[in-house]
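Encoded as C-alpha cells, the structure appears first; notes follow it.
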Amino acid sequence: MFNLVLFGAPGSGKGTQSENIVSTYSLQHISTGDLLRDEVSRQTPLGTEAKKYMDQGMLVPDEVVIGMISGKIDDQPEARGFIFDGFPRTKPQAEALDKLLEFKNTKIHLVLALEVPENELIKRLLSRGETSGRSDDTEEVITKRIKEYNAKTQPVANYYNAQGKLEHVTGDHTIAETFRSLSKQINKYLLPVT
Ligand code: B4P
C-alpha cells in the first residue's frame with residue numbers, strides 16, 4: 001500500500017492534481033473538503049455544524065474531521081493506497097492519521113507540498129468563485145482561509161519534515177507541468193497504471 005498526502009494552501013491545486021494522480025496511479029481519493037461539502041448539501045447534523053465554520057473560512061473542528069476519515073479508509077480494504085487531499089490540516093489531525101494508519105498496519109509514505117504565491121492563490125479562488133457557487137470563494141472568506149492556513153496548517157509541514165517525508169513542489173506552473181513534477185516524486189515509490 002502507498003499513502004500520499006497532498007499538502008498546500010487553499011487554491012494551490014490539491015483537488016485539481018488529485019484527480020490526475022488518482023487516475024494515473026489508481027489510488028483512492030479522500031478529500032475532506034469534498035466530504036464536508038457533501039454533508040452540507042445533504043443537510044446532515046455534521047454538515048450543518050461544519051457549514052458554520054466553512055462559511056467563515058475557518059477550519060472545521062478536528063474531532064469532526066477525524067471521525068469522518070476512519071470509515072472512509074475501512075470502506076476500501078482492497079485499495080492500492082490513498083491520496084489524502086486537504087487532510088491533515090492541523091497537527092492533531094496529522095497525529096490522529098498516523099495512529100489510525102498504524103492500527104491498520106500501514107503509514108504515510110510521502111507528503112507533497114504544493115508551493116504557490118499568495119497573489120496567485122487569491123486570483124485562482126476568485127476566478128473559481130465566479131462559477132463554483134461556493135460560499136467560501138469570496139474575497140473576504142479567501143483572505144481568512146489563507147490566514148487560517150498560515151496559522152494552523154503550515155506547521156503540519158514541519159511535522160512531516162521531521163519524519164523525512166516532505167517534498168516541496170512548485171505549483172504555479174500549468175496544471176500539466178505541475179502534475180509532471182508531482183509524478184517525478186511519486187514514481188520513486190509507485191509505478192503509474194495508465
Ligand atoms: P478544500 O475543499 O480542501 O478546498 P481548498 O483548500 O480551496 O482547495 P481545493 O482543492 O478546492 O482547490 P484547488 O487548490 O484544487 O477546503 C474547503 C474548506 O473545508 C476549508 O476552508 C475548511 O473550512 C474545510 N475543511 C476541509 N478539510 C478540512 C480539514 N481537514 N480540517 C478542517 N477543515 C477542513 O483549486 C483551486 C482553483 O485553482 C481551481 O479553480 C483550479 O482550477 C485552479 N487551479 C489549480 N491548479 C492550477 C494551475 N496550475 N494553474 C491555474 N489554475 C489552477
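Order of listing sets the numbers, starting from 1, for every ligand and every atom in it. A quick note: this is a predicted structure, and the numbers were derived from the prediction, not measured.
Using a 30° and 60° split on the angle between ring planes, Phe7 and Tyr149 fall in the tilted class, from 30° to 60°.
Compare Leu36, Thr32, Leu97, Val116 by their heavy atoms: the one nearest to atom 25 (N) of ligand 1 is in Leu36. Taking only non-hydrogen atoms, the option from Arg128, Arg124, His173 nearest to atom 36 (C) of ligand 1 is Arg128. Atom 19 (O) of ligand 1 has its nearest heavy-atom neighbour, among Lys14, Gln56, Met54, in Met54.
Given atom 33 (N) of ligand 1, the protein heavy atom at minimum distance is Val60 N, 3.1 Å. Regarding atom 14 (O) of ligand 1, its nearest protein heavy-atom neighbour is Gly13 N, 2.5 Å. The protein heavy atom nearest to atom 26 (C) of ligand 1 is Arg89 NH1, 3.3 Å. Here the protein heavy atom with the shortest distance to atom 45 (C) of ligand 1 is Thr16 OG1, 3.3 Å.
Of all the heavy atoms of Val65, the ones lying under 4.0 Å from any atom of ligand 1 belong exclusively to the side chain. With a heavy-atom cut-off of 4.0 Å, Met58 touches ligand 1 through its backbone alone. Residue Thr174 touches ligand 1 through its backbone alone, judged by heavy-atom distances below 4.0 Å.
Considering both main-chain and side-chain atoms, Arg145 comes within under 3.5 Å of ligand 1 through a nitrogen or oxygen pair. Backbone and side-chain nitrogen or oxygen atoms of Arg37 are examined, and one is located within less than 3.5 angstrom of a nitrogen or oxygen of ligand 1. Distances between N or O atoms of Gly15 and those of ligand 1 include at least one value under 3.5 Å.
Note on ligand 1: Gly57 sits outside its first shell, no heavy atom being nearer than 4.0 Å. Assignment of Glu177 to the shell around ligand 1 is not supported, since no heavy atom sits closer than 4.0 Å. At a 4.0 Å cut-off, not a single heavy atom of Glu148 sits close enough to ligand 1 to count as contact. Contact analysis puts Arg134 in contact with ligand 1, with a non-hydrogen atom separation below 4.0 angstrom. Residue contact annotation: Tyr53 has no non-hydrogen atom under 4.0 Å from ligand 1.
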**OP:** Test Asp98 against Gln163 for side-chain hydrogen bond (donor to acceptor under 3.5 Å, both in side chains), laying out the working first.
**Re:** CA-CA 11 Å; Asp98 273 352; Gln163 295 185 5; 3.0 Å; yes
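For the atom pair CZ of Arg124 and CD of Glu120, the computed distance is 4.5 Å after rounding to the nearest 0.5 Å.
Remark: ligand 1 atoms within the under-4.0 Å shell around heavy atoms of Gly86 are 27 (N), 28 (C), 29 (C), 30 (N). Listed by atom number, the atoms of ligand 1 under 4.0 Å from Phe87 heavy atoms are 30 (N). Interface of Gln93 with ligand 1, defined as ligand atoms under 4.0 Å from a residue heavy atom, comprises 29 (C), 30 (N), 31 (N), 32 (C). Every atom of ligand 1 is numbered from 1 in the order shown, and the set under 4.0 Å from a heavy atom of Ile175 is 46 (N), 47 (C), 48 (C), 49 (N).
Contact of the Leu100 side chain with the Ile66 side chain is not registered, since no non-hydrogen atoms from C-beta on lie closer than 4.5 Å.
Salt bridge present: Lys104 and Asp74 bring a charged side-chain N and a carboxylate O closer than 4.0 Å.
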